[in-house]
Visitor: 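Submitted below is the structure of interest, expressed as structure tokens.
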Amino acid sequence: MSSQVHKIIIIGSGCAGYTAAVYAARANLKPLLFEGIQQPGGQLTITTDVENYPGFPEGIQGPDLMALFKKQAERFGTVCFPKDVNQVDFKNHPFTITAEGKTYFGESVIIATGASAKMLGLESEKRLMGHGVSSCATCDGFFFKGKELIVVGGGDSAMEESTFLTKFATKVTVVHRKDKLRASKIMQEKAFQNPKIDFIWNSAVEEILGTVEEGVRGVNLRNVKTNEVREKPCGGVFIAIGHIPNTQLFQNQLDLDQRGYIVTQNGSATSVPGVFACGDVQDHVYRQAVTAAGSGCVGAMDAEKFLESKGD
Ligand code: NDP
């Protein structure tokens, strides 16, 4: 265990975490950034075209954008660790962060752990994950060439994934539990106009049929109005039903809202002075790369102000 106390420790490596690192490093605060091992770079690393990040008029691939973020953070002296943080203690100061058995001390902490894809909660979904069930069209779409697919959900993610999957699939059926979509009008229209996409309304996936050896062969769909259950053949299922914040680590340490998002006020301040949160882990409304990046900047500036107030 090193007794060195770092000025800023950043947990999370998406748009918010890396932007916080750029600002903190340029303020000469030598941030330590824990990238995590499950999805370093965050949600943009499982996206293809990003067309709405300012400064890239032709668009840019998500993983390429995150590689640039990281390069910029490292250029100014951020130390990035490809490690998961397993435990935090914000009840004593300096704060304690434990990652893979090693303890680190921080005068301030910026949390940017983001959010993760929500799942239906079926046993068959868990068993067949990676064997015909996926939550990431960009990562796995290629493996479903020539198949008929089902996408579950009615939001922008479901529309985006369905449209993307038509590059590989013969047909994509969107299964939605209501009779109208939650997705933005422009994304709805794009999906409605795609001849390879159709919709099954008022329906829930009750069971995913298949084996680990042979993959998915169909789903049982329940009409939520009539309760009638029918089998629909398909070669793969993509779950696109939203996200949950990655806040398990902070449950008894910080105030969280009812949905588990970190509560922030006056910028990025959490319920513990010196601990700041930015990006999707505290924002379930905007959730854009650019808003996450902006909030990473706010996190770093707030942390800098906190350190200054303590005389650092
Ligand atoms: P949303 O929360 O917007 O939508 C989730 C969808 O999944 C809803 O239609 C919801 O149904 C359905 N759903 C939720 N839980 C279940 C369940 N257990 N079983 C069946 N269906 C379920 O999440 P998204 O990920 O689609 O979008 C999140 C945010 O990200 C939004 O703000 C969106 O605009 C943004 N986004 C933007 C994109 C872009 O601009 N390129 C791309 C992707 C996302 P119901 O409608 O009944 O609640």
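As a basis for the values below, the full set of heavy atoms in this structure was taken, side chains included, without hydrogen atoms, waters or symmetry mates. Ligands are counted one by one from 1 in listed order, and the atoms in each one are counted from 1 as well.
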Visitor: Between Ala204, Gly155, Ser157, which one has a non-hydrogen atom sitting closest to atom 27 (O) of ligand 1?
Guide: Ser157
Visitor: So, the side chain of Thr270 versus the backbone of Ala277: is there a donor-acceptor pair under 3.5 Å, distance only?
Guide: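 Here the side-chain-to-backbone pair does not exist.
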Visitor: What atoms of ligand 1 come within less than 4.0 Å of a heavy atom belonging to Lys118?
Guide: 14 (C), 15 (N)
Visitor: Regarding ligand 1, does Lys178 bring an N or O atom to under 3.5 Å of one of the ligand's N or O atoms?
Guide: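 In this structure, Lys178 places an N or O atom under 3.5 Å from an N or O of ligand 1.
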Visitor: Which atoms from ligand 1 have a heavy atom of His243 less than 4.0 Å away?
Guide: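 The list of qualifying atoms is 25 (O).
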Visitor: Does the pair Glu35/Lys70 count as a salt bridge with the N-to-O cut at 4.0 Å?
Guide: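 A salt bridge is present here (some side-chain N lies under 4.0 Å from a carboxylate O).
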Visitor: If only atom types and distance count, is the side chain of Ser13 paired as donor or acceptor with the main-chain N or O of Pro40 below 3.5 Å?
Guide: no
Visitor: For atom 20 (C) of ligand 1, decide whether some protein heavy-atom distance is shorter than 4.0 Å.
Guide: yes
Visitor: Determine the interplanar angle of the Trp201 and Phe192 rings, folded into 0 to 90°, and report it as parallel if under 30°, tilted if 30 to 60°, perpendicular if over 60°.
Guide: tilted
Visitor: Which residue from Arg177, Met187, Met159 reaches closest to atom 10 (C) of ligand 1 through any of its heavy atoms?
Guide: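 When every heavy atom of Arg177, Met187, Met159 is considered, Arg177 comes closest to atom 10 (C) of ligand 1.
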Visitor: Any nitrogen or oxygen of Glu160, side chain or backbone, less than 3.5 Å from one on ligand 1?
Guide: yes
Visitor: One residue to check: Leu120. Relative to ligand 1, which of side chain, backbone, both or neither has a non-hydrogen atom less than 4.0 Å away?
Guide: side chain
Visitor: Which pair of non-hydrogen atoms, one from Leu149 and one from Ala169, has the smallest distance, and what is that distance?
Guide: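 What the structure gives for the nearest pair is CD1-CB, 3.7 Å.
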Visitor: Tyr104 and side chain to side chain donor-acceptor pair (under 3.5 Å): which single residue from Lys83, His6, Gln4 fits?
Guide: Lys83
Visitor: Purely on distance, is any nitrogen or oxygen of Gln288 under 3.5 Å from one on ligand 1?
Guide: no
Visitor: Identify the protein heavy atom lying closest to atom 23 (O) of ligand 1, giving its residue, its atom name and the separation to 0.1 Å.
Guide: Gly242 CA, 3.5 Å
Visitor: Are Glu123 and Arg127 within salt-bridge range, i.e. N to O under 4.0 Å?
Guide: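 Between Arg127 and Glu123 there is a salt bridge, with a charged N closer than 4.0 Å to a carboxylate O.
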Visitor: Got an N/O contact under 3.5 Å between Asp156 and ligand 1?
Guide: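 Yes; the residue has a nitrogen or oxygen that sits under 3.5 Å from a nitrogen or oxygen of the ligand.
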Visitor: Are any of the N or O atoms of Gly154 closer than 3.5 Å to those of ligand 1?
Guide: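 Yes; at least one N/O pair falls below 3.5 Å.
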Visitor: Between Thr96, Ile97, Ile9, which is the residue that forms a side chain to side chain contact (heavy atoms under 4.5 Å, CB included) with Val88?
Guide: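 Of the listed residues Thr96, Ile97, Ile9, the side chain to side chain contact (heavy atoms under 4.5 Å, CB included) partner of Val88 is Ile97.
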